[in-house]
Structures are given as structure tokens and as C-alpha cells.
Amino acid sequence: MSEQVWPLYEVFIRTRGGLSHRHAGSVHAADDQMALDHARDTYTRRSEGVSLWVVRSDRIVASDPAETAAFFEPAEDKIYRHPTFYDIPDGVENL
Amino acid sequence: MYTQGLDKAGKNEVANADPETAEQLEAFQARIDAEEKIEAKDWMPEAYRRTLIRQISQHAHSEIIGMQPEGNWLTRAPSLKRKAILLAKVQDEAGHGLYLYSAAETLGVSRDQMVADLLSGKAKYSSIFNYPTLGWADIGAIGWLVDGAAIMNQIPLCRCSYGPYARAMVRVCKEESFHQRQGFEIMLTLCRGTAEQKAMAQDALKRFWWPSLMMFGPNDSNSTHSAQSMAWKIKRFSNDELRQKFVDITVRQADFLGLRVPDDKLAFNDATGHYEFSEIDWQEFFDVLAGNGPCNSQRMAKRRSAHEDGAWVREAARAYADKRAAQAAA
Ligand SMILES: [Fe+2]
Ligand SMILES: [Fe+2]
């Protein structure tokens with residue numbers, strides 16, 4: 001049975017216009033069109049979406065959780081990227 | 001509950017290749033204690049992974065098998081409205097099974113493996129779905145009591161430490177309250193109908209009351225997995241706590257319907273603020289789990305034949321996809 005397994009797809013839904021797509025879950029399907037149909041039937045039975053993306057799970061490239069600290073470290077010490085780094089005297093407005 | 005937590009980990013489950021160090025385990029528990037969510041690719045103790053695979057897959061199997069008792073009445077619903085509602089509810093249960101299978105898959109178990117374990121009888125599903133639906137009122141009782149008990153258990157699971165499971169439960173919980181309400185409404189309609197209709201509702205409550213209380217699993221003193229699941233924040237409340245909450249809420253609803261809960265010892269305790277109720281017939285519970293309930297063999301036979309009868313569809317879809325891919329490549 002196993003060699004006939006349908007591949008896994010990740011499902012992303014745009015809940016309404018103006019919002020970005022968000023991960024909802026996954027479905028198995030034989031091909032792309034079936035993945036869209038299954039995603040619609042599984043994740044949008046109550047009009048939860050106006051747009052669907054499906055993408056083969058094995059095509060996603062992800063950062064390694066074990067390397068999270070090192071991977072994101074370059075941003076850690078750059079506090080001057082945040083507006084709160086700057087002292088603005090009282091009385092200066094609209095800044 | 002849907003995952004009554006009774007089957008022990010199988011012998012042939014993968015042993016962890018790398019031994020787990022005390023530091024790893026401590027760091028993991030610290031994340032749990034800080035209410036951080038654990039995600040699929042994060043490091044986790046093998047026992048945590050196995051517990052979740054067992055619980056989530058049992059939960060998924062229960063949703064899938066749970067379609068059968070209600071499906072039994074789809075063609076005999078008393079009106080087109082009731083039929084459409086029941087169809088939508090049963091379809092939701094299929095969806096719940098699918099959300100949960102995909103949550104379990106993030107832990108490294110394949111869909112095929114889970115299905116094979118269900119079909120071989122290795123994996124369990126909730127005892128409640130091994131009771132027959134003898135009349136239309138049973139559909140009311142199931143929505144009201146069975147989905148009601150499920151909600152009681154599933155709401156805390158929305159805060160489960162494992163992210164993919166928690167997120168699947170949020171989705172499930174949004175859909176469950178329609179299930180419970182439609183069931184209560186069926187009961188209410190029957191109770192406001194003729195004497196014969198009210199008697200049907202009473203009979204359904206009589207048969208489904210105790211099996212519904214059994215859904216919460218064994219008493220805390222006999223619950224093997226509870227303490228560890230609580231420490232890992234997979235579980236937030238004990239079986240007995242949830243069962244008590246369910247009784248307290250549901251008895252009042254039965255009063256509203258004018259129905260009698262089938263328990264002579266049921267009494268409100270002013271001091272504790274809770275209802276006291278009789279001991280559950282645990283022998284019946286264990287018998288049903290062991291496969292000897294009224295409908296166990298029927299449910300499994302139906303699930304197996306549905307799987308086998310659908311094999312050609314899965315194969316044909318696969319062959320079509322392969323052909324299209326070959327054409328596109330050419
Ligand atoms: Fe459900
Ligand atoms: Fe439900």
C-alpha cells in the first residue's frame with residue numbers, strides 16, 4: 001500500500017481581502033488540483049477563505065529549530081534598529 | 001475522552017537512537033513550564049512524541065468511526081432540514097479526523113501507518129461509538145451528550161503544549177458548538193412534542209447517559225498516563241474533574257428538557273456545589289474497549305470495507321496524476 005501514498009500538501013488560507021495567507025494545516029492529494037479541492041473541503045466549510053494556496057510539503061525549505069539562536073543572532077545586538085533606542089527630549093512633537 | 005488513554009505504548013515503537021540527557025529533559029520541561037509551544041521540528045523527549053502520537057491518532061480515529069452511528073440516520077432523518085444539518089455535522093466529523101491526522105503526521109508517523117493500525121485493531125478509538133443508534137432521538141442525544149462531553153475535553157486541549165495539536169483543536173472547537181446545539185434542539189423538539197416523542201427522548205438519554213460519562217476515561221486513581229500528561233501540559237484537567245463539570249452542566253439541561261437522568265443516587269451537594277452521582281459500571285467500559293461492545297465488530301467491518309472499496313479510487317487518482325506529470329514532462 002505504501003508506495004501508493006499520496007503526497008502531503010501544506011494549506012494556506014487568505015481569510016479575507018487585504019490579509020495575508022496563513023497556514024491552516026495539511027492535506028494529502030494525488031495532484032495539485034485535488035490538493036486544492038481537498039483543502040477547500042477540509043478547511044473552508046464555513047467560508048473561512050477567499051483564496052487558497054497549497055504547496056507540496058517536501059518543497060518547503062525551513063530554518064533548523066536547533067540552530068534558532070545562532071541563525072537569528074545577527075539581529076540581536078542591533079537595538080538601534082528600534083525607535084525606542086533614541087532619546088527625544090520632552091516638548092518635541094510629531095516624531 | 002475520544003482518547004481514553006488506555007492502550008499502552010506498543011513494543012515495536014521506535015526506540016530513540018540518541019539517549020536523552022538530563023539537560024535536554026530539563027530544558028524541555030522548562031519550555032513547557034514557561035507555557036512555550038512545542039513545534040514539530042523542535043527537540044522533544046521520545047516519550048512525549050509517543051504519547052502525542054497515541055493520543056492524537058486515537059482522537060482522529062474516534063472522529064472517523066464516530067461518523068457511523070450518526071451516518072446510520074442520514075437516510076431516515078425526519079425532514080429535509082434535519083437531513084441537511086446531520087449531513088453537515090457528519091462531514092465536520094470527517095474534517096476533524098483529517099485535521100487530527102495531519103497534526104499527528106507532524107510527529108513523524110505516516111497517515112498510512114495510522115490507518116493500518118486502526119484497521120488491524122492495534123489502535124483504539126473512543127468506547128462511545130460502539131453503541132447503536134436505535135431511534136431518531138439517539139441523534140439528539142449524541143449531539144447533546146457526546147459532542148457536549150467532547151467539547152468539555154477539547155476546550156482545554158486548545159492550550160495543549162504541542163502547537164499543531166492545539167491549533168487543530170481550536171478549529172475543531174469552533175465547529176463543535178453547532179453539533180451540541182443541534183442535538184439539544186432535536187431533544188427539545190421531541191420533549192415539546194407528543195408523549196410518545198418525549199418517551200423517545202427519555203429512552204435515548206437513558207441509554208446514552210452512562211456511556212457519555214465513560215468518555216472521560218477511568219477514574220483519576222486508575223488513569224495510567226494522567227500525571228505525566230499533566231506535567232507536559234498535554235492535559236490540563238483530570239478525567240474526574242472534567243466528568244464532574246460535565247455532570248454539573250448537563251443535569252441542569254436535562255431538568256430543562258423535563259427528562260430524568262438515569263441515576264437514583266444523583267443528588268446536588270450544597271456544601272460542594274456539585275452533583276454526586278453513582279459509580280460507573282467500569283466492567284462495561286473495559287468490555288467495550290476490549291472490543292466486546294454492542295457494535296465494535298460492525299464498526300470495524302464497515303471501516304475496513306470502506307477502505308478496501310475505496311482502494312481503486314486512490315489508485316486511479318494516482319495513475320492519473322502520474323500520467324499528467326509524464327505528459328507535462330514530455
Ligand atoms: Fe468532532
Ligand atoms: Fe462533533
Side-chain angles (χ1 to χ4, degrees), chain A residues 1-16 19-72, chain B residues 24 27 31 36-44 87-89 91-106 110-116 119 163-165 167-172 174-175 178 307-308 310-325 328:
Chain A
M1 164 165 71
S2 294
E3 66 274 20
Q4 286 302 316
V5 177
W6 289 347
L8 191 66
Y9 286 77
E10 299 302 317
V11 178
F12 299 83
I13 304 174
R14 185 200 297 285
T15 49
R16 63 193 149 76
L19 298 179
S20 50
H21 287 73
R22 198 172 159 183
H23 186 243
S26 52
V27 292
H28 284 276
D31 58 32
D32 296 352
Q33 183 57 48
M34 189 195 279
L36 271 179
D37 293 344
H38 284 183
R40 177 200 58 198
D41 294 344
T42 308
Y43 293 102
T44 63
R45 286 192 304 286
R46 289 176 176 75
S47 317
E48 286 97 337
V50 295
S51 164
L52 272 178
W53 286 350
V54 292
V55 58
R56 283 274 296 259
S57 307
D58 57 10
R59 303 277 166 80
I60 289 181
V61 182
S63 62
D64 178 357
E67 302 293 323
T68 299
F71 189 70
F72 293 105
Chain B
Q24 281 176 311
R31 291 191 64 195
E36 279 182 38
K37 292 287 184 220
I38 307 303
E39 295 296 338
K41 297 286 185 312
D42 293 354
W43 186 88
M44 63 184 83
L87 202 53
K89 184 199 187 271
Q91 195 188 10
D92 275 354
E93 305 302 2
H96 296 175
L98 295 174
Y99 307 154
L100 288 159
Y101 281 132
S102 55
E105 281 174 88
T106 63
S110 74
R111 178 83 55 106
D112 271 13
Q113 185 60 51
M114 288 185 276
V115 172
L119 298 182
Y165 191 26
R167 292 191 289 272
M169 292 321 299
V170 168
R171 200 170 281 282
V172 167
K174 276 187 194 156
E175 302 180 356
F178 139 59
H307 188 74
E308 285 158 17
W312 71 270
V313 179
R314 296 191 293 276
E315 278 162 32
R318 186 63 194 240
Y320 178 72
D322 289 347
K323 189 179 88 179
R324 291 286 300 271

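Proteins get letters first, then strands, A, B, ... in listed order; numbering begins at 1 in each.
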Take a 6.0 Å sphere around CZ of A:Arg56 and say whether it holds more than 12 heavy atoms from other residues, nucleotides or ligands. yes
Count the heavy atoms belonging to other residues, nucleotides or ligands that lie under 6.0 Å from CZ of A:Arg45, then report whether that count exceeds 12. yes
Find the distance between [atom1] ([X]) and [atom2] ([Y]) and round it off to the nearest 0.5 Å.
| X | Y | atom1 | atom2 | answer |
| --- | --- | --- | --- | --- |
| A:Thr68 | B:Asp42 | OG1 | CG | 7.0 Å |
| B:Arg324 | A:Asp32 | CZ | CG | 9.5 Å |
| B:Arg111 | A:His28 | CZ | NE2 | 4.0 Å |
| A:Thr42 | B:His96 | OG1 | NE2 | 11.0 Å |

A:Arg46/B:Asp92 ion pair, N-O < 4.0 Å: yes
B:Ala317 and A:Ala30 have their tightest heavy-atom pair at O-CB, 3.6 Å
Would you indicate whether the side-chain heavy atoms of B:Arg171 and A:Tyr43 approach each other to under 4.5 Å?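 Heavy-atom side-chain distance check passes, below 4.5 Å.
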Is the backbone N or O of A:Ala24 less than 3.5 Å from a side-chain atom of B:Tyr99, with the two atoms forming a donor-acceptor pair by type?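 No, B:Tyr99 side chain to A:Ala24 backbone: no donor-acceptor pair under 3.5 Å.
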Let me know if B:Tyr320 has heavy atoms under 4.5 Å from chain A in its side chain, its backbone, both or neither. side chain
Heavy-atom distances under 4.5 Å only: say whether B:Glu105 touches chain A with side chain, backbone, both or neither.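 For B:Glu105, side-chain heavy atoms alone lie under 4.5 Å from chain A.
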Quick one: what part of A:Ala62 sits under 4.5 Å from any heavy atom of chain B, side chain, backbone, both or neither?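 Neither part.
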